[in-house]
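Proteins come first, then strands; the chains are lettered A, B, ... in the order of their sequence lines, and each starts at number 1.
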Amino acid sequence: MSAFYVTTPIYYPNAEPHAGNAYTTIAADVLARYHRLKGNEVCFLTGVDEHAANVYNAAKEEGLSPQAYCDKIAPTFVQLWERLNISHDIFFRTTSDLHKRGAQNFLNVLYDNGDVYKGKYEGYYCLSCEEFFSEKELTDEKVCPTHKLPLQWLEEENYFFRLSKYQDRLIAHFHENPDFVYPATRRNELLNFLESGLQDVSISRASLPWGIPFPFDPEHIIYIWIEALSNYITALGFEVESEEFRTFWPANVHMMGKDIARFHALLWPAMLMAANLPLPKQIVAHGWLTKDGEALSKTRGIFIDMDGDIATYGVDAFRYYLLREFSFGNDGDYRPARLDQRYNADLANDLGNLLNRVLGLVNKNFEGIPAPTTPGDFDTEIKEMAQTTAEQLDTRMKTFAFDSALETIWEFVRRVNRYVQQTEVWTLAKPETKPRMGTILYNSLEALRYISVLLSPFIPDTAEKIQQQIGLAEFDSVAEWGHLPVDLKVSRGEPIFPRVDLKKQQAPQPKESTKPKKKTAKQETDLISFTEFQKLDLRVGCVISAETIEGADRLLKLQVDLGTEKRQVVAGIAEHYKPASLIGKQVIVVVNLEPATIRNVESHGMILAASGDSVVLASPETEVPLGTQVS
RNA sequence: CGCAGGGUAGAGCAGUCUGGUAGCUCGUCGGGCUCAUAACCCGGAGGACGUGGGUUCAAAUCCCACCCCUGCAACCA
């Protein structure tokens, strides 16, 4: 028995958890459960990263203190993990005393070892983001990419970590441990980055209102990434040299999305080196999820409807789909239609139906599970396949190939279906063949029990249901052929995955499930008074010329005749309208909007358009005199 | 030359690192079975592996060039 420590990142509780968080956490859960099954002592850590600037901002928007806001959001993560059957051992919050003390302690160690020094940090700073931006990220105008506000040039005393010092040791570590980062593409990417040179990183922020102060200089707050990464050891009680820490550190697997692999594979190990602590064994980064081919986006209302899909198909189907359909490490496209197919084909037809047909035969012909008295064709093949399936599963799990791991198990499921077919068990009810019938049914049930064991890390509820229906009072997790006792009373066999009739569900809403939601949310928050509305000066104008703007894919430069005057207006409609098609068209213009320069082109006003999936210009129903007011 | 990912049967994908009969699921066509959730089993059809060059006895796989798609970033006043 050995220790196995697996972690997810701590997630930002600035909003409720999303499908991406769920994906990472489910994958980590499978590993944790798999290693428990193998008899290892497992610690599975997940949690929330509460001292983030976006958490602070979200709290401010809701008029709550950051701590109160966290106290409200953190439970939504726990609730989701419960719903998804996540078997974490620790749900860690970075506002806990254990973490605060631990993070400070960790910093002290780095400081004492001489790898923290005071320097000057300078750059463009956005007051709203509370963030510095590098020259590279900015255009000539020096405005904040998100807030569009002018940035300030700030110089700030900061503490730095000597990351550069560890460059060579990191490179050596990458070479000596080819599996340090999974998948290989990510590893190569990071190795390239490493070899191009590392710079020291700033690890403090001066006088932020929300964060953990430096132990040796309370004027400074520990930079969020430094603080967050340290959770992997503080959660174990590193600063008190706890039993857990000695048992579980170094971690076996840090699981995460590919975007944060760099922090975990370079910065974190370097800090651990500086603290003379052993490095995690593997950094495992999975790909992104998209939805029906589109990137998930809160603002565009593209999200994975976890609640809906779980309600329709069940948690296990959701887990199964995520793990079976996508090759871990690559990006994956979440398609509800595919989930439906997987559910019906794999879970209902192959697995559920197999259990059902075997139980039916047992019930019809025997009092309980019959004894395997009469060997015959295919029996050894089935027994051996159980064994090889378990071995193959082991290989697949070592490389996080959850998809082919499940495929391997399903090959066995199909083989058992074939076994039932080949032997034509149902024809063997005559007295002279009944012992053989009993043997085949025993083997089939034992195969199903065996399968349930192999499946239990992936779809734990289903695994239990299978064994319950077979009649086992307690879950038997022994992957050894012949463990199934004889004479057990078998249940009647309610389908564990009733088929879902998609047509019934589909009819009501064809495609626009997301848009309305967005609108109602807007209406609630953004009510304006009539006086405010009156401030808008809207007028009818006519497009007299239109041309594209170099270097801008979405913009058109328009000249609009408003009757009394002509205006130049920039409009973001280039993807939907050809310049020529606009000329002569009547449009509605916001006239009293402050001028702006976009892409070096001046714009004096704004053209109204309906913008959803496509963009359609607003236009008077019939022609009206130019300059007519719209209200 | 902004960054990243991808182009393999009708659809969705694996295979590419470590060259050597092109594979999986769904769909489709034909057959079998009737124990079971209109489920299960057997068989078939369907592929210039984006394009062009190169290396090699041999290329989906290695090298070079190009084309096309999709995200992200920059613009959407």
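Comparing the C1' positions of B:G10 and B:G5 gives a spacing of 25 Å, expressed to the nearest Å. Using P as the reference atom, B:A22 and B:C3 are 37 Å apart when rounded to the nearest Å. To the nearest whole angstrom, the two C1' atoms, one in B:A39 and one in B:U34, are 11 Å apart. Nucleotides B:C40 and B:C35 are separated by 10 Å at their C1' atoms, to the nearest Å. With C1' as the reference atom, B:U8 and B:G15 are 9 Å apart, rounded to whole Å. Across the C1' atoms, B:C49 and B:C68 are found 16 Å apart, a figure rounded to whole Å. The P atoms of B:G27 and B:C63 are separated by 38 Å, rounded to the nearest whole Å. Separation of the C1' atoms belonging to B:A74 and B:U28 is 46 Å when rounded to the nearest angstrom.
Within 4.0 Å (heavy atoms only), A:Phe326 reaches no atom of the nucleic acid at all. A:Glu325 comes within 4.0 angstrom of sugar-phosphate atoms only, judged by non-hydrogen atoms across all strands, and of no base. Within the nucleic acid shown, A:Asn349 comes within 4.0 Å of sugar-phosphate atoms alone, with no base atom in reach, counting heavy atoms only. Among the atoms of the strands shown, none is found under 4.0 Å from any heavy atom of A:Ile607. In this structure, A:Asn356 reaches the bases: a heavy-atom distance under 4.0 Å links it to at least one base atom across the strands shown. Note on A:Val358: nothing from the nucleic acid sits closer than 4.0 angstrom, heavy atoms only.
Applying the ring-ring contact (aromatic ring centres under 6.0 Å, His included) test between A:His286 and each of A:Tyr182, A:Phe400, A:Phe402, A:Phe328 identifies A:Phe328 as the sole match.
Both tests hold for A:Lys434 against A:Phe366: distance to the six-membered ring centre under 6.0 Å, angle to the ring axis within 45°.
A:Glu381 and A:Arg415 are joined by a salt bridge, as a carboxylate oxygen and a charged side-chain nitrogen come within less than 4.0 angstrom of each other.
The environment of CD in A:Glu602 is sparse: at most 12 heavy-atom neighbours from other residues, nucleotides or ligands sit within 6.0 Å. At most 12 non-hydrogen atoms from other residues, nucleotides or ligands lie less than 6.0 angstrom from CD of A:Glu367. Within a 6.0 Å radius of NZ in A:Lys383, no more than 12 heavy atoms belonging to other residues, nucleotides or ligands are found.
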Report the C-alpha distance between A:Asp394 and A:Arg396 in whole Å, list the side-chain angles of each, state the deciding distance to 0.1 Å, and finish with yes or no for salt bridge (charged side-chain N to carboxylate O under 4.0 Å, His left out).
-> CA-CA 6 Å; A:Asp394 211 44; A:Arg396 312 284 196 219; over 6 Å; no
Could you walk me through whether A:Asp461 and A:Lys465 pass the salt bridge (charged side-chain N to carboxylate O under 4.0 Å, His left out) test, one step at a time?
-> CA-CA 6 Å; A:Asp461 279 352; A:Lys465 270 192 212 162; over 6 Å; no
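Comparing A:Leu555 and A:Thr427 along RNA chain B, the residue whose closest nucleotide (by nearest heavy atom) sits nearer the 5' end is A:Thr427. Each of A:Trp426 and A:Gly352 lies near RNA chain B, and the nucleotide nearest A:Trp426 is the one positioned closer to the 5' end.
You'll find that the side chain of A:Phe497 is closest to B:U37, out of B:U37, B:C42, B:C35. The side chain of A:Lys364 lies closest to B:C35, out of B:C13, B:U37, B:C35.
Here A:Ser327 reaches the OP1 or OP2 of B:A14: one of its side-chain N or O atoms lies under 4.0 Å away. Look at A:Asn344 and you won't find any side-chain N or O under 4.0 angstrom from OP1 or OP2 of B:U37.
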Under 3.5 Å, which N/O atoms of the protein pair with N/O atoms of nucleotides 24-29 of chain B?
unit_1	atom_1	unit_2	atom_2	d
B:C26	O2'	A:Gln341	OE1	3.1

Could you list the protein-to-nucleotides 3-9 of chain B atom pairs, N/O on both sides, closer than 3.5 Å?
none

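Nucleotide B:G19 has no partner under the Watson-Crick or G-U criteria, as no pair reaches both atom distances under 3.5 Å.
Under 3.5 Å, the side chains of A:Gln341 and A:Arg338 contain a donor-acceptor pair of N or O atoms.
A donor-acceptor pair is defined here as one N or O able to donate and one able to accept, closer than 3.5 Å; such a pair exists between the side chain of A:Ser619 and the backbone of A:Gln586.
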